[in-house]
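Heavy atoms only: backbone and side chains are in, while hydrogens, waters and symmetry mates are out. The structure displayed is predicted, hence computed values, not measured ones.
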Amino acid sequence: MLTLGLLLAFLRLTKGPSLPDRVVALELIATIVVAIIGVHAIDTGVSSFLDIAIVMALTAFLAAIGFARFLERGGPRDD
C-alpha cells in the first residue's frame, strides 16, 4: 500500500502541471518514506530507526517551509 502511494506520488512529481503540485508530491513522498521507516522499525524492533524517521520528518518539514517561502515570494523568476 505504501509502495503504491509512493509510486503515485512519484508520478505526480514528474508530471505535475505546476510547481506547487510537485512540492506537495515531494512532501507526500517524504511522509511515505517516514511511514516506511516507522513500519520497518516496528517490524524489526530496532528503535534507532525511529530516530532516523524523526530526523527525516523534521527535514521534510523544514523543506516544506522553505518551498512555501519560495513560492510566496513569487517562485522562479526569469532574471
Distance-minimising heavy-atom pair for R22 and K15: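 That would be NH2-C, 4.2 Å.
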Non-neighbouring partners of F67 that pass ring-ring contact (aromatic ring centres under 6.0 Å, His included), sequence neighbours left out: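 So F67 forms no ring-ring contact (aromatic ring centres under 6.0 Å, His included) with any residue.
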Selection residues 14-38 - residue pairs positive for ring-ring contact (aromatic ring centres under 6.0 Å, His included), sequence neighbours left out: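 Counting only pairs at least two positions apart or across chains, no ring-ring contact (aromatic ring centres under 6.0 Å, His included) contact touches residues 14-38.
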Fellow cluster residues of M1, listed by chain then number, with links counted only when side-chain atoms sit under 4.5 Å apart: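 Members alongside M1: none; it stands by itself.
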Remaining members of hydrophobic cluster (4.5 Å side-chain criterion), L8: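 Members other than L8 - counting any ILVMFWY side chain reachable under 4.5 Å - are L4, L11.
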Identify each donor-acceptor pair in which a side-chain atom of residues 23-41 lies under 3.5 Å from a protein atom, sequence neighbours left out, and give them as a table.
residue : atom : partner : partner atom : Å
T31     : OG1  : E27     : O            : 2.9

Student check: side-chain heavy atoms of F10 and L6 closer than 4.5 Å: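 Side-chain contact under 4.5 Å: no.
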Joint cluster assignment, I52 & L2, ILVMFWY side-chain distance < 4.5 Å: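 Shared cluster, yes.
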In one Ile/Leu/Val/Met/Phe/Trp/Tyr side-chain cluster, 4.5 Å: L13, L19: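 As far as the 4.5 Å side-chain criterion goes, L19 and L13 are connected within one cluster.
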side-chain hydrogen bond (donor to acceptor under 3.5 Å, both in side chains) against T3, all qualifying residues, sequence neighbours excluded: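 Residues passing side-chain hydrogen bond (donor to acceptor under 3.5 Å, both in side chains) with T3: none at all.
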